[in-house]
Visitor: 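Before I ask anything, let me first share the structure, which is written out below as structure tokens.
Below, read A as the first sequence line, B as the second, and so on, with proteins coming before strands; counting in each chain starts at 1. FYI, side chains are in, hydrogens and waters are out, and symmetry mates aren't considered; it's all heavy atoms of this structure.
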There are 2 protein chains.
Amino acid sequence: MDTPAPYGHTPANCRAREILGRIGDKWSLYVIAQLSDGTKRFTALKREIDGISQRMLTVTLRGLERDGIVSRTMYPVMPPRVDYALTPLGRTLLEAVSFLTSWAEEHVEEIEATRARYDTRVEEFSALD
Amino acid sequence: MDTPAPYGHTPANCRAREILGRIGDKWSLYVIAQLSDGTKRFTALKREIDGISQRMLTVTLRGLERDGIVSRTMYPVMPPRVDYALTPLGRTLLEAVSFLTSWAEEHVEEIEATRARYDTRVEEFSALD
DNA sequence: CGGGATCCACCGTGATACTG
DNA sequence: CAGTATCACGGTGGATCCCG
């Protein structure tokens with residue numbers, strides 16, 4: 001418990017960081033996007049999200065469920081059946097995310113150009129050795 | 001409810017993920033927030049962002065500079081002086097971030113309550129062993 | 001003052017195998 | 001079908017020392 005002084009609190013952005021930490025990981029955004037058009041089963045999600053492993057889909061869904069962004073409905077049948085869906089809270093998040101998506105859409109070219117220029121400069125600079 | 005248009009497999013999510021990867025790391029958001037009220041020097045940023053190491057401030061600033069979100073101005077004087085500021089692109093990002101911040105502000109209590117309930121349930125379930 | 005270089009601990013992620 | 005368990009790996013971030 002006495003971890004030597006964690007990174008101290010930081011004001012209002014702290015919460016935004018926490019949120020970003022939740023949806024900013026490798027898979028959450030894809031899961032949320034796939035659930036934006038309705039309830040889906042585990043396997044359907046796995047099939048639609050290219051490259052995700054069984055484990056990471058489970059881990060991601062658990063995290064989103066924990067924060068009330070995704071709901072999980074289990075049917076005690078054989079074989080097992082589990083449905084996942086966005087909660088009302090999850091759908092409000094969708095709105096915030098689409099704002100970021102729009103920003104990304106609008107500026108992706110500018111960013112990539114800037115990045116390429118930066119990398120070229122660094123490369124040229126390194127060549128001075 | 002007026003959720004934004006459903007977005008399925010669109011590459012848009014990839015770009016949004018890339019953006020989240022940029023600002024969703026541990027420190028970028030704090031750096032951006034601190035630069036929102038004007039140009040600042042390295043040491044000033046380090047002083048204002050509680051808990052950040054010299055290394056991580058450098059790394060974070062380089063990343064933001066690479067993507068054209070932050071500008072870096074070096075003065076060849078002794079002792080060295082370097083100014084950092086948000087670029088116009090960086091300031092447009094500020095808008096998107098404040099949207100997420102608002103979302104976090106509005107729902108942080110709900111999320112924390114849900115999270116606490118979830119953890120309690122898991123705890124009780126584990127106690128069944 | 002504003003870094004760069006190095007070493008290291010942690011943990012998020014992936015691959016694989018097993019299960020109710 | 002929908003997971004859990006285990007191991008291995010790489011990247012992120014922290015601590016420290018040094019330099020122009």
Side-chain angles (χ1 to χ4, degrees), chain A residues 1-8 10 17-18 20-31 34-35 39-67 70-85 122 125-126 128-129, chain B residues 17-18 20-31 34-35 39-66 70-85 122 125-126 128-129:
Chain A
M1 304 303 283
D2 276 327
T3 47
Y7 14 94
T10 313
R17 261 243 64 230
E18 215 177 319
L20 284 172
R22 158 111 311 294
I23 64 171
D25 66 3
K26 188 163 182 180
W27 298 108
S28 289
L29 206 59
Y30 297 126
V31 171
Q34 285 303 326
L35 288 177
T39 298
K40 285 181 183 174
R41 300 182 58 173
F42 187 89
T43 308
L45 286 172
K46 178 154 170 35
R47 184 175 356 102
E48 290 165 0
I49 301 172
D50 198 37
I52 195 170
S53 67
Q54 206 164 32
R55 169 183 150 76
M56 285 319 295
L57 181 53
T58 300
V59 169
T60 304
L61 285 168
R62 286 294 178 278
L64 293 171
E65 184 197 359
R66 185 168 109 99
D67 285 355
V70 159
S71 69
R72 180 174 186 269
T73 311
M74 226 186 80
Y75 302 92
V77 297
M78 211 33 203
R81 175 193 175 126
V82 181
D83 284 353
Y84 291 95
V122 170
F125 185 75
S126 299
L128 292 182
D129 291 338
Chain B
R17 262 242 64 233
E18 216 177 318
L20 284 172
R22 159 109 315 292
I23 65 170
D25 64 4
K26 190 164 181 180
W27 297 110
S28 288
L29 207 58
Y30 297 128
V31 171
Q34 285 302 326
L35 288 178
T39 298
K40 286 180 183 173
R41 300 182 58 172
F42 187 88
T43 308
L45 286 172
K46 177 152 169 38
R47 183 173 358 102
E48 290 166 359
I49 302 173
D50 198 37
I52 195 170
S53 65
Q54 207 162 34
R55 169 183 147 79
M56 285 318 296
L57 181 52
T58 301
V59 169
T60 303
L61 285 168
R62 286 294 177 279
L64 293 172
E65 184 197 359
R66 184 168 109 101
V70 158
S71 68
R72 180 174 187 269
T73 311
M74 226 187 79
Y75 302 93
V77 297
M78 214 29 205
R81 175 193 175 128
V82 181
D83 284 352
Y84 291 97
V122 171
F125 185 75
S126 298
L128 292 182
D129 289 337

Visitor: Look only at the side chain of R22(B) and the backbone of R17(B), and say whether a donor-acceptor pair between them is shorter than 3.5 Å.
Guide: no

Visitor: What is the distance from CZ of R17(A) to C1' of dG13(D), rounded to the nearest Å?
Guide: 12 Å

Visitor: Given atom CD1 of I49(B) and atom P of dG13(D), what is their separation to the nearest angstrom?
Guide: 13 Å

Visitor: Could you report the tightest heavy-atom contact between T39(B) and A85(B), atom names first, then the distance?
Guide: OG1-CB, 3.4 Å

Visitor: Return the set of residues passing side chain to side chain contact (heavy atoms under 4.5 Å, CB included) with T43(A) (not counting sequence neighbours), or none when no residue passes.
Guide: none

Visitor: OG1 of T60(B) to OH of Y30(B): how many Å apart, nearest 0.5 Å?
Guide: 11.5 Å

Visitor: Can you work out whether D25(A) or M74(B) has the more 5'-proximal nearest nucleotide on DNA chain C?
Guide: M74(B)

Visitor: Could you give the CZ-to-P distance, from R72(A) to dA2(D), as a whole number of Å?
Guide: 10 Å

Visitor: Identify the residue among L45(B), D83(B), V82(B) that makes a side chain to side chain contact (heavy atoms under 4.5 Å, CB included) with K40(B).
Guide: L45(B)

Visitor: What residues, two or more places apart in sequence or in another chain, satisfy side-chain hydrogen bond (donor to acceptor under 3.5 Å, both in side chains) together with R72(B)?
Guide: Y84(B)

Visitor: Which of the following nucleotides, dT13(C), dG14(D), dG3(C), is nearest to the side chain of K26(B)?
Guide: dG14(D)

Visitor: Can you tell me how far P of dC1(C) sits from CZ of R47(B), to the nearest Å?
Guide: 10 Å

Visitor: Tell me every residue that passes salt bridge (Lys or Arg N to Asp or Glu O under 4.0 Å) with R41(A), counting only those two or more places apart in sequence or in another chain.
Guide: none

Visitor: Show me, pair by pair, the donor-acceptor contacts under 3.5 angstrom made by side chains of residues 51-59 of chain B, not counting sequence neighbours?
Guide:
from   : atom 1 : to     : atom 2 : distance (Å)
S53(B) : OG     : M56(B) : N      : 3.2
T58(B) : OG1    : Q54(B) : O      : 3.1

Visitor: Taking only the side-chain nitrogens and oxygens of Y84(A), find out if one of them lies under 4.0 Å from OP1 or OP2 of dG3(D).
Guide: yes

Visitor: May I ask you to say what Y75(A) touches in the nucleic acid, namely base, sugar-phosphate or nothing, with a heavy-atom cut-off under 4.0 Å?
Guide: nothing

Visitor: L57(A) CG to dT4(D) C1': how many Å, rounded?
Guide: 14 Å

Visitor: Walk along nucleotides 15-20 of chain C from 5' to 3' and tag each nucleotide B, S or - by protein heavy-atom contact under 4.0 Å, base first, then sugar-phosphate.
Guide: B----B

Visitor: To the nearest angstrom, how far is D83(A) atom CG from dG3(D) atom P?
Guide: 11 Å

Visitor: Calculate the interatomic distance between I52(B) atom CD1 and dG13(D) atom P; express it in whole Å.
Guide: 10 Å

Visitor: Which one, dC1(D), dG3(C), dT13(C), comes nearest to the side chain of R41(A)?
Guide: dC1(D)

Visitor: Roughly how many Å is it from CZ in R81(B) to C1' in dG20(D), rounded to a whole number?
Guide: 19 Å

Visitor: Please list, by residue number, the residues of residues 59-66 of chain A whose heavy atoms come closer than 4.0 Å to an atom of DNA chain C; answer none if no residue qualifies.
Guide: none

Visitor: Minimum heavy-atom separation for S28(A) to I23(A), with atom names?
Guide: CB-CA, 3.9 Å

